[in-house]
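Have a look at the structure below, then the notes.
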Amino acid sequence: MAKICVIGTGYVGLVTGTCFSDMGHQVTCLDINEHMINQLQNGVMPIYEPGLKQIVEQNVEAGRLDFTTSYKEALNNVEFAFIAVGTPSSDDGEADLQYIKMAADSIAENLDHPIIIVNKSTVPVGTGDWVSEIILNKNGQNTPKFTVVSNPEFLREGSAISDFMNPDRVVLGSTDPVAAQKVADLYEALRSPILITDLRTAEMIKYASNAFLATRISFINEIANICESLGADVREVAKGMGMDKRIGPSFLDAGLGWGGSCFPKDVTALTHMANTRGAHPQLLQAVLDINQNQRHRAVAKLEKALGTIKGKTIGVLGLSFKPNTDDIRYAPALDIIRILLKKGASVQAFDPQAMQASQAEIPDLILSQNPYDVARDADALLLATEWNEFKSLDFNKIKQNMRGNVLLDGRNIWDGQDLREMGFLYFGVGLPQPEQLA
Ligand code: NAD
């Protein structure tokens, strides 16, 4: 059993702390957000992640997991301090490291014994060394022995617990093999492959992995756009491609493009890193451009189908950037809604988990009670996030409630032929287009 502190109780930190406590370790989770910590101390989850509440409760009850805002308390006698604070984008695309700096400063101020600092946040290459410098500069020769190990996280929101407990691999980067091995021992019970590299390489593995996944999606979206102009079906194209073992089937779903708390900022940060070092990240730039264009293509399709956006009522199903999360960071739905509002539409939406947060971002957004309420008096309906509950709707009821008949299936989850037979003007992404749109 190890004594661990996890700094930052967002999607990564809370899941990391909870899972380590579930593996039998003694964990204190720390955040500077007092409201979040209050909620956690009272058994309220500050984020929506399937299954999380139950495991948190079990481990709090077992006395292995607690929450604090005090660095002094959290760092007391711990062997490992995991950093899992946010690393959002700055205006110029560079990763904003202010929260990492704050966390490093606070560790330095409260460090009174040897410790291994494990960085789980996604950070630009070289940040591990920079964190070491911050701590050494603060305490000078009096600094207790410490090592920084990079341990990028690959979990996905919506399946975060299972991803953490069953990782494809654990990546550890350090110049200190003893420290890296100690962190590896924490993960041993998961029986997954562990790759130990130097610090900078581990940091790069995370960016390269996210950039590659984003590239696959932008690639299939580009193919989808070509399919539309040639009358081919991208779903079958992706299936046929994915059967090739060299290609594989995942991350080949055409749609409205990627969003979320990771891909947009990570691809942008990697592009920024490359540019500032004189490299020419042409592919990454294209990946970003294609992704942005998917939002505009969706609006253009609606515009063509409706004649104009101005004065129309458009219903949107799904707001979170993907199903099974309440996270709306860089959500395609929100980008599209902003463009529609700007063009003079009225937009009403429903999402199982992300309604309040979305309205806080877009006050003009009208919230609906359920999918049928979204359809009421709508000229067009856009499926933006493929929550399971949107997969089999009562389209007779939808049709009765709608004023118009336009359905844009932004995730290709519905049966277009059935819907066309029912009288809808149905179109998806990368599918043969109805005559009205050709
Ligand atoms: P998040 O925004 O959900 O949570 C970050 C938390 O850190 C917040 O609760 C914030 O209050 C807290 N915080 C900020 N400064 C702090 C400080 N000085 N001390 C203590 N707490 C502080 O972020 P997230 O989505 O969990 O992501 C965290 C990191 O993990 C990012 O670098 C992200 O790129 C990476 N990551 C995220 C995911 C994901 O799916 N969300 C997956 C893999 C990696």
Side-chain angles (χ1 to χ4, degrees), residues 11-12 84-97 100 119-128 130 150-160 163 167-173 193 195 197-225 238 241-242 246-295 321-322 325 327 329-332 335:
Y11 293 88
V12 168
V85 300
T87 49
S89 263
S90 314
D91 288 344
D92 64 356
E94 188 176 11
D96 176 354
L97 296 181
I100 295 281
N119 184 34
K120 261 207 176 296
S121 296
T122 304
V123 290
V125 176
T127 304
W130 180 64
S150 167
N151 172 211
E153 181 52 60
F154 299 96
L155 63 76
R156 293 161 298 175
E157 289 172 24
S159 54
D163 287 351
D168 290 339
R169 77 300 205 191
V170 172
V171 173
L172 300 173
L195 175 67
T197 71
D198 64 80
L199 241 174
R200 285 168 180 250
T201 303
E203 290 167 340
M204 188 64 184
I205 287 171
K206 174 65 192 176
Y207 279 107
S209 301
N210 272 0
F212 185 72
L213 294 173
T215 301
R216 282 181 70 108
I217 298 175
S218 282
F219 176 83
I220 202 67
N221 278 332
E222 181 149 281
I223 295 296
N225 300 340
M241 287 171 63
R246 294 167 303 177
I247 297 173
S250 36
F251 282 78
L252 286 180
D253 291 317
L256 303 174
W258 35 268
S261 63
C262 293
F263 288 3
K265 77 173 176 65
D266 293 347
V267 179
T268 310
L270 183 55
T271 307
H272 186 277
M273 267 184 267
N275 277 327
T276 53
R277 295 298 166 117
H280 299 290
Q282 298 164 65
L283 176 61
L284 297 181
Q285 196 51 59
V287 166
L288 287 164
D289 292 345
I290 293 167
N291 197 51
Q292 215 42 44
N293 195 34
Q294 285 308 100
R295 274 83 157 152
F321 84 92
K322 67 172 180 178
T325 182
D327 199 339
R329 288 178 278 189
Y330 297 95
D335 286 346

For Thr87, side-chain contact (heavy atoms from CB on, under 4.5 Å) partners two or more places apart = Leu97, Ile100, Ser121, Thr122, Val123, Lys265

Can you list every pair that meets side-chain hydrogen bond (donor to acceptor under 3.5 Å, both in side chains) and has a residue in residues 202-214, with sequence neighbours left out?
-> Arg169-Ser209, Asn210-Asp266

Verify the neighbour count for atom CG of Asp168: are there more than 12 heavy atoms of other residues, nucleotides or ligands below 6.0 Å?
-> no

Grab the two heavy atoms, one from Ala202 and one from Thr197, that are nearest each other, plus how far apart they are.
-> N-OG1, 3.2 Å

Apply side chain to side chain contact (heavy atoms under 4.5 Å, CB included) to the pair Ile220 and Met241, showing each step before the final yes or no.
-> CA-CA 10 Å; Ile220 202 67; Met241 287 171 63; 4.1 Å; yes

dist Leu199:CG -> Leu172:CG (nearest 0.5 Å) comes out at 10.5 Å

Shortest non-hydrogen contact between Gly259 and Pro264, atoms and distance = O-CD, 3.5 Å

Taking the side chain as C-beta and beyond, is there a heavy-atom pair between Met204 and Leu270 under 4.5 Å?
-> yes

May I ask you to decide if the ring planes of Phe251 and Phe263 are parallel, tilted or perpendicular, using 30° and 60° as cut-offs?
-> tilted

Can you tell me how far OH of Tyr11 sits from CZ of Arg329, rounded to the nearest 0.5 angstrom?
-> 6.0 Å

4.5 Å side-chain heavy-atom contact, Phe321 and Glu157 = yes

Heavy-atom side-chain proximity of Asp327 to Lys322 below 4.5 angstrom | no

Applying side chain to side chain contact (heavy atoms under 4.5 Å, CB included), run through Leu256 and Arg295 and close with a yes or a no.
-> CA-CA 6 Å; Leu256 303 174; Arg295 274 83 157 152; 5.8 Å; no

Look at the side chain of Asn151 and the backbone N and O of Val170, then say whether any donor-acceptor pair between them is shorter than 3.5 Å.
-> no

For Thr276, enumerate each residue passing the side-chain contact (heavy atoms from CB on, under 4.5 Å) test, keeping only those at least two apart in sequence or located in another chain.
-> His272

Residue set satisfying side-chain contact (heavy atoms from CB on, under 4.5 Å) with Ile290, at least two apart, ordered chain then number -> Ser218, Asn221, Glu222

Would Asn225 and Gln294 satisfy side chain to side chain contact (heavy atoms under 4.5 Å, CB included), going step by step from the backbone distance to the final call?
-> CA-CA 9 Å; Asn225 300 340; Gln294 285 308 100; 2.9 Å; yes

Could you give the distance from CG (Asn275) to OG1 (Thr268), rounded to the nearest 0.5 Å?
-> 11.0 Å

Any chance CZ of Arg216 has more than 12 other-residue heavy atoms, nucleotides or ligands included, within less than 6.0 Å?
-> yes

Enumerate, atom names and distances included, each donor-acceptor pair closer than 3.5 Å involving a side-chain atom of residues 277-289, sequence neighbours excluded.
unit_1, atom_1, unit_2, atom_2, d
Gln285, NE2, Asp289, OD1, 3.3

Does a sphere of radius 6.0 Å around CZ in Phe154 hold more than 12 heavy atoms from other residues, nucleotides or ligands, not counting ones at 6.0 Å or beyond?
-> yes

Taking every non-hydrogen atom, the tightest pair across Leu195 and Ile205 = CD2-CD1, 3.9 Å

All heavy atoms of Gly257 vs all of Pro332, minimum pair found to be O-CG, 3.4 Å

Set of side-chain contact (heavy atoms from CB on, under 4.5 Å) partners for Pro88, sequence neighbours left out | Asp96, Tyr99

For the pair Tyr330 and Ser89, evaluate side chain to side chain contact (heavy atoms under 4.5 Å, CB included) and give the outcome as yes or no after the intermediate values.
-> CA-CA 11 Å; Tyr330 297 95; Ser89 263; 3.8 Å; yes

